Amino acid sequence: MPELPEVETIVRGLKPKLEGNRILEVEVYNENTIKNPESVKEFKERITGKKIIEVKRRGKYILFILEDFAHVIIHLRMTGQLIYSEKQLSFSHLRLEAKLSKGFLYFNDIRKFGTISLLAKEDLAKEKGFWTLGVEPLGESFGFEYLKSKLVSSKPIKNLLLDQRVIAGLGNIYVDESLFFAGISPFKPAKTLSPEEISKLVSSIKFVLTKGIENKGTSFSDFVDSYGGKGTNQNFLQVYGRGGEQCRICGKVLAKGKIAGRTTVFCLHCQK
DNA sequence: CGATAGACCTGTTTGC
DNA sequence: TGCAAACAGGTCTATC
C-alpha cells in the first residue's frame, strides 16, 4: 500500500490529532506486529501513560516521539492502516488499538506484515531498515550530484531506485512513474545514465512524489488516510497497473516485465 | 558482488 | 460454476 506520498498523507493527518495527546491504554491483538522490544508486555508497560510530543515521517516509516524521547517506529508494509478517531470504531483486521486522552488510534493490517517498534533514542540502530535509510527525495540533499554518486553499478536503474539505503520512500508505483516521466527504461544499467537523464530523473522523482502528496496518495486497493478516506492519485497514474493498455503519450501498448521480483510497466517507445 | 526464490500473511483476480 | 494458481503498495533471509 504505502509509499512516501501515502505515508506523508497519514502523518499530516495524524500530526494535529496526536501531538500533545497521551497514550492511556494499549491493546495488542497480534503479537507479531510488535517487533521491539521482544516482549509485548514490556512494550505495553513502556508506552502506557506517555505523551506524544512529535509525529513525523522518514522514508516509509512513521515516527512518534514520546516525552521520554523514546521512538515509536511504525512500518505499514503492504496493507497497514493507521486510523485516528474521536469515537470508538471497529475493524476486521485490528492488530493494535490505543486509547488516548483524546480519541483512539487503530492499527489495522490485513496481511500482518506491518511492524511497530518502541526504542529508546540510543537504541534506534536496532531498527536496521530505519537506521540505514538513504536521503529524503524531497529534501535539498537529493539532487544531481547525490544521484550521480550512487549510480555506479550496472544493475537496472529500477533496482537502485527501490533500494531504501539510496533513496528513502520510493516503491513500485512511484519508481515506475518516475522512470516514465524521465523517459528512461527501467532496465537501463544505472551507470550508463547520461547527465541529462540523471537530471531529468531527479526532477521526475520530485514531481511524481509531490503530485502524489497533493492527491493524498494512491488508493489502489487498501490505502486510506488517517481518517479512513481514499486518495485520488490512482486516477493520474501513467504506467503503474496499466500493462497492456495504451501509453497516454504515444498510444502504443505498455509493456510488462519483472525487475527485482516486482511487476514493472513501461513504454518501449517513450522510455529508452 | 548479484540475482532469485522463499518467507511472512490474507484477500482478490485470473485462467482453465 | 468451481477451484487453484497467480498476484498485490514491502523487506528480510538464504542460496547459488
Side-chain angles (χ1 to χ4, degrees), chain A residues 1-11 29-36 57-62 73-82 91-96 107-117 125-134 137 150-179 186-187 189-191 208-209 211-213 215-225 230-245 256-265:
Chain A
M1 167 191 46
E3 303 179 29
L4 188 153
E6 290 74 37
V7 177
E8 179 66 23
T9 299
I10 291 170
V11 165
Y29 300 106
N30 180 54
E31 303 231 325
N32 290 335
T33 295
I34 308 304
K35 193 172 161 197
N36 273 298
R57 180 192 62 72
R58 174 82 172 94
K60 298 174 195 170
Y61 289 85
I62 296 164
I73 307 176
I74 303 170
H75 199 301
L76 305 170
R77 286 300 201 279
M78 299 283 262
T79 56
Q81 303 174 328
L82 208 46
F91 294 89
S92 42
H93 303 280
L94 191 60
R95 310 308 179 194
L96 175 147
F107 182 68
N108 195 51
D109 184 18
I110 298 169
R111 291 175 74 178
K112 298 184 182 168
F113 290 167
T115 59
I116 300 177
S117 287
K126 287 184 181 170
E127 190 77 16
K128 206 165 151 253
F130 171 75
W131 191 246
T132 57
L133 283 175
K150 295 293 178 182
L151 302 186
V152 290
S153 88
S154 47
K155 287 194 224 175
I157 181 64
K158 175 159 178 176
N159 288 39
L160 267 287
L161 298 181
L162 283 173
D163 188 339
Q164 302 300 300
R165 295 167 303 180
V166 177
I167 302 172
L170 290 178
N172 208 27
I173 297 176
Y174 296 97
V175 164
D176 277 11
E177 294 295 309
S178 298
L179 287 167
F187 288 97
K191 65 180 178 188
V208 160
L209 294 175
K211 284 290 168 193
I213 294 170
N215 293 327
K216 300 191 186 306
T218 301
S219 291
F220 200 66
S221 78
D222 299 306
F223 170 68
V224 291
D225 64 21
K230 287 187 181 293
T232 59
N233 200 57
Q234 61 278 14
N235 303 321
F236 302 95
L237 297 178
Q238 300 296 311
V239 287
Y240 179 85
R242 299 192 65 242
E245 294 176 39
K256 218 170 159 178
K258 272 244 193 280
I259 301 180
R262 317 297 299 280
T263 296
T264 300
V265 181

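Predicted model only: the values in this text are computed from it and were never measured. The chains referred to below are lettered A, B, ... by the order of the sequence lines, with proteins before strands, and numbering in each begins at 1. Any value given below was found using the heavy atoms of this structure, including those in side chains, with hydrogens, waters and symmetry copies removed.
- Between A:Met78 atom CE and B:dT12 atom C1' there is a gap of 13 Å when expressed in whole angstrom units.
- Closest to the side chain of A:Phe113, out of B:dC9, B:dA3, C:dA8, is B:dC9.
- When the C1' atom is compared between B:dA5 and C:dA6, the two are found 16 Å apart, to the nearest whole Å.
- When the P atom is used for both C:dT1 and B:dT10, the distance is 29 Å, rounded to whole Å.
- Residue contacts shown for A:Thr33 are absent, as no nucleic acid heavy atom lies under 4.0 Å away.
- As a whole-Å value, the separation of A:Ile74 CD1 from C:dG10 P is 18 Å.
- The gap from the C1' atom of B:dC1 to that of C:dG10 amounts to 23 Å, rounded to the nearest Å.
- The side chain of A:His93 contributes no N or O atom lying less than 4.0 Å from OP1 or OP2 of B:dC9.
- The interatomic distance linking A:Lys126 (NZ) with C:dC12 (P) rounds to 17 Å, in whole Å.
- Using the Watson-Crick or G-U wobble rule with both distances under 3.5 Å, C:dG2 pairs with B:dC16.
- No engagement by A:Gly261 is indicated, since no non-hydrogen atom pair under 4.0 Å with the nucleic acid exists.
- A close approach under 4.0 Å does occur between a side-chain nitrogen or oxygen of A:Gln164 and OP1 or OP2 of C:dT11.
- Within 6.0 Å of NZ in A:Lys35 there are more than 12 heavy atoms belonging to other residues, nucleotides or ligands.
- Contact annotation: the side chain of A:Phe187 approaches that of A:Ile259 to within less than 4.5 Å [non-hydrogen atoms, C-beta and beyond].
- Summarising the geometry, the separation between CZ on A:Arg242 and P on C:dA8 is reported as 17 Å, rounded to the nearest angstrom.
- In A:Lys126, the NZ atom is not crowded: 12 or fewer heavy atoms of neighbouring residues, nucleotides or ligands sit closer than 6.0 Å.
- Between A:Val265 and A:Arg242, the closest heavy-atom pair is CG1-C, 4.1 Å.
- For C:dT11, one of the phosphate oxygens OP1 or OP2 lies less than 4.0 angstrom from a side-chain nitrogen or oxygen of A:Lys60.
- Out of B:dG11, B:dC9, C:dT11, the shortest distance to the side chain of A:Ile110 is found at B:dG11.
- For the residue pair A:Leu94 and A:Leu96, the shortest heavy atom distance occurs at CD1-O, 3.5 Å.
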Please walk me through it: do A:Leu170 and A:Leu209 pass side chain to side chain contact (heavy atoms under 4.5 Å, CB included)? CA-CA 9 Å; A:Leu170 290 178; A:Leu209 294 175; 3.8 Å; yes
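- The aromatic ring of A:Phe220 does not sit over the base of C:dA8, since the test of centres under 5.5 Å and planes under 30° is not met.
- Atom CD in A:Gln81 sits roughly 13 Å away from atom P in B:dG11 (whole-Å rounding).
- The distance between atom CG of A:Leu170 and atom C1' of C:dG10, rounded to the nearest whole Å, is 13 Å.
- Within the 4.5 Å cutoff, the side chain of A:Glu6 has no heavy atoms near those of the A:Phe220 side chain.
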What protein N or O atoms touch nucleotides 14-16 of chain B N or O atoms at under 3.5 angstrom, if any, and at what distances?
none

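- Here the side chain of A:Ser153 is nearest to one of B:dG2, C:dG10, B:dT10, namely B:dG2.
- Where A:Gly129 and A:Arg111 each meet DNA chain C at their nearest nucleotide, the meeting point lying more 5' is that of A:Arg111.
- The side chain of A:Tyr240 has C:dA8 as its nearest neighbour among C:dG10, C:dA8, C:dC12.
- Between A:Gln238 and A:Asp176 there is no side-chain heavy-atom pair separated by less than 4.5 Å.
- In terms of phosphate contacts, A:Lys128 brings no side-chain nitrogen or oxygen within less than 4.0 Å of OP1 or OP2 of C:dC12.
- To the nearest angstrom, P of B:dG11 lies 11 Å from CG of A:Asp109.
- Atom CG in A:Asp176 sits about 11 Å away from atom P in C:dA8, given to the nearest Å.
- A:Lys112 has its side chain out of reach of A:Asn32: every pair of non-hydrogen atoms, C-beta onward, lies at least 4.5 Å apart.
- At the phosphate of C:dA8, OP1 or OP2 sits under 4.0 Å from a side-chain N or O atom of A:Thr263.
- Taking atom P on both nucleotides, C:dA4 is separated from B:dC9 by 22 Å, rounded to a whole Å.
- Taking 4.0 angstrom as the limit, A:Asn32 places a side-chain polar atom (N or O) nearer than this to OP1 or OP2 of B:dC9.
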